[in-house]
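Structure, as structure tokens:
Since this is a predicted model, take the numbers as computed values, not measurements. Side chains included, hydrogens not; waters and symmetry mates left out as well; all remaining heavy atoms used.
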Amino acid sequence: MKLFPVRTSVLVAFTCASPALAQSAHEAPLCEAAKTNRVVELVYDKDASKGCLPRLVDVHQVAIGNNGTLYMHGWQTRGCTKSRDYASKRIFRFDKIKSVTLVEGEFEEKSQLIKDEGWDGCIGSNCFIKETLCQ
């Protein structure tokens with residue numbers, strides 16, 4: 001008789017700790033931004049520990065990858081990157097997003113052109129997007 005409550009507790013604990021649940025918390029604001037051409041302020045992965053300003057991103061698309069992970073495609077205009085040119089299109093994994101805030105701002109012309117082109121879910125020959133949720 002005690003096994004059922006223990007199994008339930010383990011299942012509840014596992015479900016609450018699941019990365020998929022944490023990922024989905026950002027889906028609604030990012031989809032709202034994608035559908036309405038809004039800009040978000042995004043804290044990503046280790047940005048805060050690096051002393052970086054939050055990233056500003058024009059949200060183009062939210063999608064599910066072949067691996068089940070949620071991704072966002074957009075145009076970043078401010079924040080940390082591996083290169084000096086931070087104004088460019090980028091792909092963000094939801095499991096590395098720490099916070100999202102909708103902010104005032106408009107898409108730059110180049111960003112809007114890239115969104116209008118659409119994204120096929122590929123980087124070069126690596127195509128990893130299974131389904132687009134919103135754009």
Side-chain angles (χ1 to χ4, degrees):
M1 290 284 192
K2 289 184 178 183
L3 291 178
F4 180 73
V6 171
R7 285 182 186 165
T8 303
S9 298
V10 171
L11 180 61
V12 170
F14 176 75
T15 303
C16 292
S18 171
L21 288 178
Q23 291 176 359
S24 65
H26 302 302
E27 184 179 332
L30 291 173
C31 275
E32 179 183 340
K35 291 175 184 176
T36 59
N37 288 352
R38 297 277 306 273
V39 177
V40 297
E41 187 174 78
L42 179 94
V43 176
Y44 194 67
D45 199 23
K46 298 175 183 167
D47 287 353
S49 65
K50 295 177 188 174
C52 301
L53 290 171
R55 298 169 190 236
L56 290 180
V57 180
D58 303 348
V59 181
H60 294 172
Q61 178 184 35
V62 175
I64 300 172
N66 294 328
N67 61 1
T69 299
L70 290 167
Y71 292 90
M72 176 190 68
H73 180 259
W75 181 263
Q76 181 176 323
T77 58
R78 182 186 79 190
C80 284
T81 66
K82 292 181 180 179
S83 65
R84 293 177 188 233
D85 177 22
Y86 58 77
S88 65
K89 61 183 172 180
R90 300 229 187 287
I91 299 156
F92 300 89
R93 289 177 33 178
F94 271 47
D95 61 341
K96 293 189 178 264
I97 296 173
K98 302 302 178 194
S99 68
V100 173
T101 307
L102 291 165
V103 297
E104 293 297 320
E106 296 180 8
F107 281 22
E108 294 178 3
E109 184 178 345
K110 190 168 184 179
S111 173
Q112 188 61 54
L113 288 171
I114 290 168
K115 181 174 182 176
D116 292 345
E117 283 176 7
W119 181 52
D120 62 2
C122 303
I123 300 175
S125 62
N126 180 15
C127 298
F128 60 94
I129 296 300
K130 179 170 75 174
E131 176 186 354
T132 297
L133 298 176
C134 57
Q135 53 188 6

Heavy-atom side-chain proximity of Phe94 to Val62 below 4.5 angstrom: yes
Contact summary for [X] and [Y], nearest pair of heavy atoms:
X      : Y      : value
Ser88  : Arg90  : OG-NH1, 2.8 Å
Asn66  : Cys127 : ND2-O, 3.4 Å
Ser111 : Trp75  : OG-CB, 3.2 Å
Pro54  : Glu41  : CB-CG, 3.3 Å

Ile129-Ile91 co-clustered via ILVMFWY side chain contacts under 4.5 Å: yes
Identified side-chain contact (heavy atoms from CB on, under 4.5 Å) partner of Leu30 from the options Val100, Val57, Leu133, Leu70: Val100
Side-chain (Lys115) to main-chain (Ala34) donor-acceptor, under 3.5 angstrom: yes
Atom CD of Glu108: over 12 foreign heavy atoms under 6.0 Å: yes
Contact list for residues 29-64, test ring-ring contact (aromatic ring centres under 6.0 Å, His included), sequence neighbours left out: Tyr44-Phe92, His60-His73, His60-Phe107
side-chain contact (heavy atoms from CB on, under 4.5 Å) involving Ala33 - partner list, sequence neighbours excluded: Arg38, Val40, Val59, Leu102
Sole residue of Lys96, Lys98, Arg55 in salt bridge (charged side-chain N to carboxylate O under 4.0 Å, His left out) with Asp47: Arg55
